[in-house]
Structures are given as C-alpha cells and as structure tokens.
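Have a look at the structure below before the remarks.
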Amino acid sequence: MSEVIREHFADTSYNLAKALHFNKVSMEYFNLLKIGAKGETKMLFQNCVNRLDWVYHNIYDRLSQNSKDILKQEMADSLAMDSIMDGLVLLQPEQRTVIENLINSLNKGETIEFVQPNNY
C-alpha cells in the first residue's frame, strides 16, 4: 500500500488498517446489540452504527483503488481476528508469550512444526 490515501498522509497503512479493522468490529457488535434492544436503546445503537459507518467511508472513499482492494481482503475476516483475541485473553501470560513468539516466527517466514509427545 505505497499510495495509501490520495491526500497527504504521514502514517503507515498498518495503523490505518488496524483502525478501520477495529471500527468494523465495533460496528458488528453494535449491530448485535441492536437485536436485543428496543425503543430508544435500539435507536442509540443504530446511531453508533451510523457514525462508525461514516468514519469508515469517510476514510475508505479517500483511498487509492489498490489500497481499497488490499483493505477489502484484510477486513474480510474481522470477526475471526476478534475471536483470536478473545482466545488470547483467556491464556496465562506465559502462554500468550508462546503465541506471540509463534506469530513472530511465522511472520519471519519460519516453518513451525508441532510434535506430539510419544506418551500422548
């Protein structure tokens, strides 16, 4: 994403993608909250969805076509990423460190092998 936004933009596409990802996840949760709500509370949650949608499109519409295409791919599984984070929260700190090291190794292109103990 070398040309992130057609206008001047000094940040990295990584931070922009993360911000839009969390925006989308928030929108999904507010949509879920609307299902069990009624009256003014339902309207409040709909207003939240509308505002988050405005934020997303106000930025997205300024992206280059190449950046839009990449972002669509990245955001296709926003709730899957959220599910992974939910799982990480339940781990002990030492276990999270193991997962972080695993991710770092994968990002470096290293091959990871899982070996099952003989007594399993």
Side-chain angles (χ1 to χ4, degrees):
M1 268 204 239
S2 56
E3 178 194 341
V4 177
I5 294 185
R6 293 185 300 252
E7 302 169 15
H8 177 67
F9 188 72
D11 202 348
T12 65
S13 58
Y14 173 76
N15 290 330
L16 180 63
K18 280 181 66 173
L20 292 176
H21 164 78
F22 284 112
N23 180 287
K24 182 178 178 187
V25 170
S26 294
M27 212 174 353
E28 297 285 345
Y29 279 116
F30 278 114
N31 274 319
L32 288 172
L33 287 168
K34 279 187 341 188
I35 293 170
K38 295 179 182 173
E40 287 186 32
T41 304
K42 189 170 194 139
M43 287 181 1
L44 171 68
F45 293 147
Q46 181 59 52
N47 286 337
C48 292
V49 169
N50 292 344
R51 289 176 183 194
L52 290 166
D53 187 60
W54 179 87
V55 168
Y56 177 82
H57 285 289
N58 195 31
I59 294 170
Y60 181 82
D61 293 344
R62 298 169 190 250
L63 297 176
S64 67
Q65 187 57 50
N66 182 51
S67 295
K68 287 178 182 179
D69 294 340
I70 292 169
L71 191 61
K72 279 183 189 174
Q73 287 178 315
E74 292 293 322
M75 295 186 65
D77 60 353
S78 287
L79 289 180
M81 299 291 285
D82 190 54
S83 176
I84 292 169
M85 289 188 334
D86 285 347
L88 289 173
V89 169
L90 300 174
L91 297 176
Q92 297 299 315
E94 305 83 31
Q95 294 170 313
R96 283 194 295 270
T97 300
V98 170
I99 298 299
E100 182 181 11
N101 291 336
L102 175 66
I103 290 169
N104 289 337
S105 294
L106 289 170
N107 285 331
K108 292 177 189 173
E110 298 174 3
T111 301
I112 308 297
E113 285 188 44
F114 294 93
V115 180
Q116 188 173 9
N118 291 333
N119 60 355
Y120 184 68

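These numbers come from a predicted model, not from an experiment.
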For residues 82-95, please give each side-chain donor-acceptor pair under 3.5 Å, one per line with the distance, not counting sequence neighbours.
{"from": "Asp82", "atom 1": "OD2", "to": "Tyr29", "atom 2": "OH", "distance (Å)": "2.3"}
{"from": "Gln95", "atom 1": "OE1", "to": "Gln92", "atom 2": "N", "distance (Å)": "2.7"}

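Between the side chain of Asn23 and the backbone N or O of Ala19, no donor-acceptor pair lies under 3.5 Å.
Of the N and O atoms on the side chains of Asp69 and Gln73, not one donor lies less than 3.5 Å from an acceptor on the other residue.
Rounding to the nearest 0.5 Å gives a distance of 11.0 Å between CG of Leu20 and CG of Leu52. Atom NZ of Lys68 is separated from atom NZ of Lys72 by 8.0 Å, given to the nearest 0.5 angstrom. For the atom pair Ile112 CD1 and Leu102 CG, the distance stands at 5.0 Å (nearest 0.5 Å).
Listed by first then second residue, pairs satisfying side-chain hydrogen bond (donor to acceptor under 3.5 Å, both in side chains) with a partner in residues 31-53 read Asn31-Lys34, Lys34-Gln46, Gln46-Asn50, Asp53-His57, not counting sequence neighbours.
Take Ser105 and apply the side chain to side chain donor-acceptor pair (under 3.5 Å) test, not counting sequence neighbours, and it matches Glu110.
Residues Val49 and Met43 do not share a hydrophobic cluster, clusters being chains of Ile/Leu/Val/Met/Phe/Trp/Tyr side chains in contact below 4.5 Å. Residues Val98 and Val115 do not share a hydrophobic cluster, clusters being chains of Ile/Leu/Val/Met/Phe/Trp/Tyr side chains in contact below 4.5 Å. Val55 and Phe30 fall into different hydrophobic clusters, where Ile, Leu, Val, Met, Phe, Trp and Tyr are joined by side-chain heavy atoms under 4.5 Å apart, directly or via other members. There is no path of hydrophobic side-chain contacts, each under 4.5 Å, that joins Leu44 to Trp54.
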